[in-house]
Amino acid sequence: MIVRKNMGLASPLVLVTLVLGFCFATYNLVTMIMHNRAISKWVEDDANGGIFFDPVIKMPENVRKPKNARLPFHVAVTATDATYSQWQCRIMYYWYKKKKDLPGSDMGDFTRILHSGSPDNFMDEIPTIVVDPLPEGLDRWLEKATIEEDYILMAEPDHIFINPLPNLASGGFPAAFPFFYIKPADYEKVLRKFFPEEMGPVTNIDPIGNSPVIIKKDLLKKIAPTWMNVSLKMKDDPETDEAFGWVLEMYAYAVGSALHGVQHILRKDFMLQPPWDLEIGKKFIIHYTYGCDYNMKGELMYGEIGEWRFDKRSFLRGPPPRNLSLPPPGVPESVVTLVKMVNEATANIPNWEA
């Protein structure tokens with residue numbers, strides 16, 4: 001079943017691919033060219049003046065986005081009807097609306113893809129399509145695409161836009177955030193089940209997940225069936241399932257895209273993750289997947305219950321209350337900003353704790 005609210009027909013590529021965000025990844029119900037050319041990953045860092053390889057070698061000019069060109073992207077977030085997912089989506093959508101039309105933004109329309117099979121109470125608040133959970137077959141998604149933007153941002157409920165987000169992709173080169181814990185070289189034996197040797201070294205697999213990613217719509221449509229098949233095969237393989245655990249879906253997207261020769265521009269400024277990233281700077285998204293625990297001296301107490309804490313998992317059964325207490329002095333800017341942005345959203349979203 002597919003139910004639509006506040007938008008046109010659902011895109012099949014969204015239904016096929018973004019459903020995977022909740023199939024296997026657990027942190028949100030959740031980070032090269034295929035033929036080997038002996039080149040390093042591309043990393044873009046605006047603060048240092050442009051797009052670079054790592055080590056620092058500039059990206060060829062013919063893959064750069066023209067200056068001042070506006071290439072809007074559709075924001076798509078996977079969600080469930082659990083309270084935990086709902087309140088995060090409401091905060092995310094609030095900040096999307098605040099940043100969407102500011103200078104520097106390429107954000108287009110917004111869609112929450114609700115994997116519940118039936119509408120929830122927020123259909124009128126957030127543009128939403130309702131889809132059934134992933135079926136057994138791989139060919140059930142028959143809708144025709146009507147998303148107008150040529151690009152799509154695959155996002156998650158615990159993303160907050162802190163700065164206007166431009167289109168970080170360049171044509172056939174999607175943009176993604178490099179996760180330090182996605183290490184294809186450390187899992188070559190497992191990955192060879194899905195990425196054969198004739199495809200080149202496993203380092204051709206980008207150290208990314210399926211979100212955040214900005215990708216051209218037709219490219220995502222091409223990758224989608226492979227991504228889905230790799231996901232299901234990984235989950236069905238006990239060795240792979242045990243090796244990857246909650247990051248299985250992230251590896252599945254990375255492998256699926258590498259099988260199509262898709263290399264991502266790795267943007268370290270795509271997002272920050274408190275409490276490990278301390279400053280906001282010019283980053284675009286706060287990802288609040290980690291708990292933030294501090295004593296009253298402002299010292300991090302990770303792995304312990306802090307005297308002061310903000311952890312989204314404290315609100316599994318209900319939304320956080322309005323006007324959360326701010327962190328004590330000495331806590332990093334990233335954590336202070338996160339709590340202030342949550343407080344602003346909850347103060348302005350109607351019927352927050354209804």
Side-chain angles (χ1 to χ4, degrees), residues 1-2 9-31 34 74 76-80 111-117 129-145 147 151-157 172 174 176 179 182 184 187 190-196 199 202 204-206 208-264:
M1 181 181 86
I2 298 174
L9 296 176
S11 163
L13 60 95
V14 172
L15 298 180
V16 171
T17 59
L18 296 182
V19 66
L20 297 175
F22 277 92
C23 290
F24 309 120
T26 61
Y27 70 85
N28 249 357
L29 285 179
V30 203
T31 170
M34 190 163 52
H74 196 96
V77 58
T78 54
T80 72
T111 300
R112 178 179 62 139
I113 298 132
L114 183 60
H115 299 279
S116 62
I129 58 171
V130 178
V131 299
D132 284 327
L134 183 66
E136 293 182 2
L138 302 181
D139 56 355
R140 305 287 182 89
W141 313 109
L142 303 177
E143 295 283 323
K144 298 298 182 182
I147 289 178
Y151 292 83
I152 291 176
L153 165 65
M154 295 188 285
E156 296 181 8
F179 289 89
I182 302 298
Y187 294 96
V190 170
L191 288 171
R192 283 303 183 197
K193 298 179 181 182
F194 315 98
F195 192 75
M199 306 305 296
V202 294
N204 283 358
I205 301 170
D206 286 326
I208 61 172
N210 52 298
S211 177
V213 170
I214 299 177
I215 185 170
K216 207 162 189 179
K217 186 167 58 179
D218 57 359
L219 187 57
L220 180 56
K221 188 174 182 179
K222 182 173 70 172
I223 293 171
T226 306
W227 174 13
M228 175 175 282
N229 280 316
V230 170
S231 297
L232 297 178
K233 289 177 180 178
M234 283 185 170
K235 190 64 178 176
D236 285 341
D237 181 74
E239 182 185 17
T240 305
D241 193 26
E242 181 179 358
F244 292 156
W246 65 271
V247 297
L248 183 147
E249 178 57 30
M250 302 171 75
Y251 274 101
Y253 173 78
V255 170
S257 56
L259 287 170
H260 285 275
V262 175
Q263 182 180 14
H264 296 72

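Side chain of Asp206 to main chain of His264: a donor-acceptor pair is present (N/O by atom type, distance under 3.5 Å, no hydrogens or angles). Under the 3.5 Å distance criterion, the side-chain polar atoms of Ser211 are matched with a main-chain donor or acceptor of Met154. In this structure a side-chain-to-backbone donor-acceptor pair under 3.5 Å is missing from Lys217 to His74.
Remark: of the listed residues Val230, Asp218, Val262, Leu259, Val262 is the sole one forming a side chain to side chain contact (heavy atoms under 4.5 Å, CB included) with Ile223.
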Margin query: One pair to check against side chain to side chain contact (heavy atoms under 4.5 Å, CB included): Leu248 and Asp241. What are the steps and the verdict?
Written below: CA-CA 7 Å; Leu248 183 147; Asp241 193 26; 3.6 Å; yes
Next item on the list: Start with the C-alpha distance between Leu114 and Ile129, add both sets of side-chain angles, then the distance that settles side chain to side chain contact (heavy atoms under 4.5 Å, CB included), and finish with yes or no.
Entry: CA-CA 6 Å; Leu114 183 60; Ile129 58 171; over 6 Å; no
Next item on the list: Check the pair Phe195, Asn204 against side chain to side chain contact (heavy atoms under 4.5 Å, CB included), reporting the backbone distance first and the verdict last.
Entry: CA-CA 10 Å; Phe195 192 75; Asn204 283 358; 4.1 Å; yes
Check: So Leu191 and Val255, side chain to side chain contact (heavy atoms under 4.5 Å, CB included) or not? Walk me through it.
Finding: CA-CA 8 Å; Leu191 288 171; Val255 170; 3.7 Å; yes
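A distance of 9.0 Å separates CZ in Arg112 from OG1 in Thr80, rounded to the nearest 0.5 Å. Distance check, rounded to the nearest 0.5 Å: CZ of Arg192 to CE of Met199 gives 10.0 Å. Separating the CG atom in Asn210 from the CG atom in Leu220 is a distance of 10.0 Å, to the nearest 0.5 Å. Note that CD1 of Ile205 is 13.0 Å distant from CD of Gln263, once rounded to the nearest 0.5 Å. Summarising the geometry, atom CG belonging to Leu232 is positioned 12.0 Å from atom CH2 belonging to Trp227; distances are rounded to the nearest 0.5 Å.
Val77 places none of its side-chain heavy atoms less than 4.5 Å from the side chain of Thr111. Taking 4.5 Å as the limit, some side-chain heavy atom of Ile182 sits within range of a side-chain heavy atom of Tyr251.
Taking every heavy atom of both residues into account, Val202 and Pro184 meet most closely at O-CB, 3.5 Å. Closest of all the heavy-atom pairs between Pro225 and Lys222 is CD-O, 3.5 Å. When all heavy atoms are compared, the tightest approach of Met234 to Phe194 is CG-CZ, 3.7 Å.
Side-chain contact of Glu156 with Thr78: a donor-acceptor pair under 3.5 Å is absent, judged by distance alone.
The aromatic ring centres of Phe244 and Tyr187 sit less than 6.0 Å apart.
A salt bridge is defined here as a Lys NZ or Arg NE, NH1 or NH2 lying under 4.0 Å from an Asp or Glu carboxylate O, and Glu239 with Lys193 meets this definition.
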